[in-house]
Amino acid sequence: MSEALTASRVRVCGIVQGVGFRPFIFQLAEKCRLYGHVANTSSGVDIHVEGAPSRIEAFIDAISAQAPPLAQITAVDARRVDPGHYTEFNITPSRREEGRSALISPDVSICTDCLNELRDPQDRRSGYPFINCTNCGPRFTIIDDVPYDRPKTSMRHFRMCAPCQTEYDNPRDRRFHAQPNACDDCGPQVILEGPNGGVCKGADAVSTTARLLADGKIVAIKGLGGYHLAVDATNDAAVARLRRRKQREEKPLALMAPDLDVIRTFAYIDADEVEVLTSPQRPIVLLRKRRPNAIAPMVSPRNAWFGVMLPYTPLHYLLLAHGFTALVMTSGNLSEEPIAIANADARERLAPIADALLTHDREIYLRCDDSIVRKTDGVTRFLRRSRGYVPVPVFLRRRQPSVLACGAELKNTVCLTKQDRAFVSQHIGDLENLDTYAFFQATIDHLQRVLDITPEILACDMHPDYLSTRYAQERDDLPLVQVQHHHAHVVSTMAENHLEGRVIGLAFDGTGYGPDGTIWGGEVLIAEAGDFERAAYLTPVPMPGSAAAIKEPWRMAVSYLAHTFDDRCYDVDIPFLSTVERRRAEVLVAMGRQGLNAPLTSSLGRLFDGIAALIGLRHRVAFEGQAAMELEMTIAAGDDGLYDFGWKTVGESRRIEIAPIIEGVVADLSQGVSGARISRRFHTTLSALFAALCDEIRSHTGLDRVVLSGGVFQNAVLSTELARRLEQSGFQVYTQRLVPANDGGLSLGQALAAAAIWEGKN
Ligand code: ZN
Ligand code: ZN
Ligand code: FE
């Protein structure tokens with residue numbers, strides 16, 4: 001006897017749109033011999049199935065178990081409904097509903113199936129630079145609104161030809177409802193605007209671009225989330241010209257290489273790195289340099305690492321097939337400006353830099369830079385979380401009021417929360433010019449629309465001069481909560497690790513506004529989401545020249561010497577002092593003593609800078625954190641002792657002494673100990689110091705969870721060694737894996753801290 005007819009309504013939430021979910025459901029329903037229908041809604045995917053109960057059960061089980069590769073399911077809810085006596089299974093048009101919360105897929109790299117077609121001379125899309133399917137291609141950057149359907153994307157201007165439309169309409173085709181579906185007959189086209197006003201299209205444009213690059217020319221190339229500036233990475237003169245024209249001094253330039261074997265000729269890759277390099281997100285991965293190598297030294301000067309990515313669009317694959325070891329693929333902008341996305345803007349802003357422009361007519365609606373990651377101890381750590389990852393939310397421990405958090409100033413991101421999800425935006429950049437500020441505002445508007453979030457609370461930093469703070473203060477439509485910078489850092493780590501209650505938070509950072517008017521950055525907080533106290537901090541020292549002391553670490557070195565040796569500081573016998581004019585040093589010391597343009601800072605980032613300058617690594621930096629990075633790269637292997645350390649109790653807090661560390665470094669220097677060994681001892685000292693400090697705090701408070709955050713934790717040696725020591729003393733240690741430890745992850749912490757502070761008050 002056959003089972004009775006029953007029906008179920010199934011709602012699937014998560015990233016289920018634009019990832020081939022409906023054809024998957026269609027085929028699954030056919031396999032389970034069920035009738036009914038499926039539709040995209042603004043909150044996810046809605047399914048009605050009817051048939052034998054056992055087959056419905058199998059169907060529901062298979063939804064999560066067999067979902068398409070790009071789908072991320074967060075919930076499957078099924079309930080019994082009355083049968084509609086359907087005689088087939090259909091895909092019905094999208095419906096728009098209130099309270100939408102469908103998640104948008106990030107942009108992902110071309111899939112293997114499409115890559116094979118691209119390379120197949122017999123395929124109708126052979127060599128077509130915009131080939132894609134439901135498992136690959138652009139998403140986030142071409143969406144203007146939800147639900148994700150072609151008319152809501154920048155593909156709306158292209159009318160599909162008959163063969164493309166047939167694929168699009170066929171639920172058994174892997175291009176069924178692939179919104180960017182296109183071919184050479186109907187879809188976007190590449191155009192090369194050459195050096196002398198010449199224009200060519202299609203395959204010609206690609207091969208001519210390759211020839212220009214091989215000749216050492218700079219070509220601006222339109223990608224997924226914006227333009228890149230490309231040159232042949234093995235051509236010294238071309239790389240030098242790019243740096244000069246882009247006004248980028250020393251910051252490493254990203255590389256794109258055709259495959260893993262070619263990357264292995266100039267960098268080391270381990271199994272973990274292979275996994276992330278080849279992932280559909282295709283981030284830039286920091287890889288240790290192999291020496292000697294064929295890459296121009298100017299690509300990543302004085303650096304042990306290359307930032308490398310594999311091709312991720314069909315166009316990249318076509319270009320790199322022309323025999324390049326690697327192309328420099330750096331963001332298409334003048335230093336510090338946002339990356340160009342619009343063709344007219346690219347023509348205007350990139351013309352002085354690029355010799356030619358390889359563009360196309362598929363618009364980018366939202367700019368999205370390449371993501372940058374580093375693998376440490378098998379864990380992917382974000383230095384920049386952007387293309388490929390955004391807008392996947394961080395899932396929170398519990399529901400929150402909706403918050404718009406405006407982030408910091410440097411490496412800005414914003415964060416929007418809704419229910420138990422926090423959407424951290426793509427990398428916006430340093431909010432130091434009007435173009436970036438405009439991008440910041442546009443991103444907020446765009447994300448509010450596509451994520452359908454109407455914030456109830458605004459959050460920002462306490463720093464009065466950040467443009468992000470000013471934006472928040474000027475919006476007078478919502479209650480504003482200002483969150484201390486390092487509190488936000490600590491809460492960011494708490495948020496992604498689902499921690500509640502009080503923790504010990506180590507916030508090691510470059511710069512952050514302290515409520516006492518000094519600049520913080522070497523802080524031990526006892527923190528919970530809505531509150532914190534400052535349990536310990538590095539002894540504040542003057543930053544002579546304020547921001548100039550960030551660009552010129554030698555100023556910090558002088559300041560630490562004066563702090564440690566007072567008037568005797570000019571007489572210590574170390575090579576550093578012979579490189580500094582005595583009169584200039586005296587001016588700095590005087591500035592510090594009189595508090596003239598010399599704010600006090602407890603920043604650990606500055607201490608790294610100062611030590612790097614003392615051991616002669618560099619006097620000036622081209623970008624923030626460069627000296628600290630070089631101090632990490634220079635480190636010697638092995639155990640080499642440590643410097644004295646200690647702290648003084650000041651009221652409820654503890655002031656960590658810097659003088660014993662500086663004395664130790666100076667003693668080593670005057671005895672000719674190498675910078676590598678000094679760096680080793682300095683790192684060991686910090687681990688021992690903060691582990692001991694956490695021990696003491698635990699003995700007073702009973703807290704045994706330690707949370708690490710702040711830009712200094714991009715230092716893999718410090719974060720690994722400190723975490724290990726803490727774990728050996730019985731602490732549970734939590735770090736950041738989902739968002740960057742630097743200010744790129746700050747907005748997440750701001751959002752949760754603001755919600756907690758707000759809830760505490762109301
Ligand atoms: Zn594909
Ligand atoms: Zn077509
Ligand atoms: Fe910070």
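Atoms within a ligand are numbered from 1 in the order they appear, just like the ligands themselves.
Rounded to 10°, the angle that SG of C114 and SG of C133 form at the Zn ion (ligand 1) is 110°. Rounded to 10 degrees, the SG-metal-SG angle spanning C164 and C183 at the Zn ion (ligand 2) equals 100°. Geometry at the Fe ion (ligand 3): NE2/H485 and OD1/D509 form an angle of 140°, nearest 10 degrees.
Taking the six-membered ring where the residue is Trp, H683 and F608 present perpendicular rings, their angle passing 60° and hence far from 30°.
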List the steps, then state whether ring-ring contact (aromatic ring centres under 6.0 Å, His included) holds for Y389 with F382.
-> CA-CA 10 Å; Y389 300 95; F382 284 101; 4.7 Å; yes
Could you go step by step and tell me if F176 and F26 meet the ring-ring contact (aromatic ring centres under 6.0 Å, His included) rule?
-> CA-CA 11 Å; F176 175 76; F26 177 89; 7.2 Å; no
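Geometrically, R387 engages Y312 in a cation-pi contact defined by less than 6.0 Å to the ring centre and at most 45° from the axis.
Looking at D743 and the Fe ion (ligand 3) together, the shortest N, O or S contact belongs to OD1. For the Fe ion (ligand 3), the nearest N, O or S atom contributed by H489 is named NE2.
Panel note: side chain T313, backbone G223; no donor-acceptor pair is recorded below 3.5 Å.
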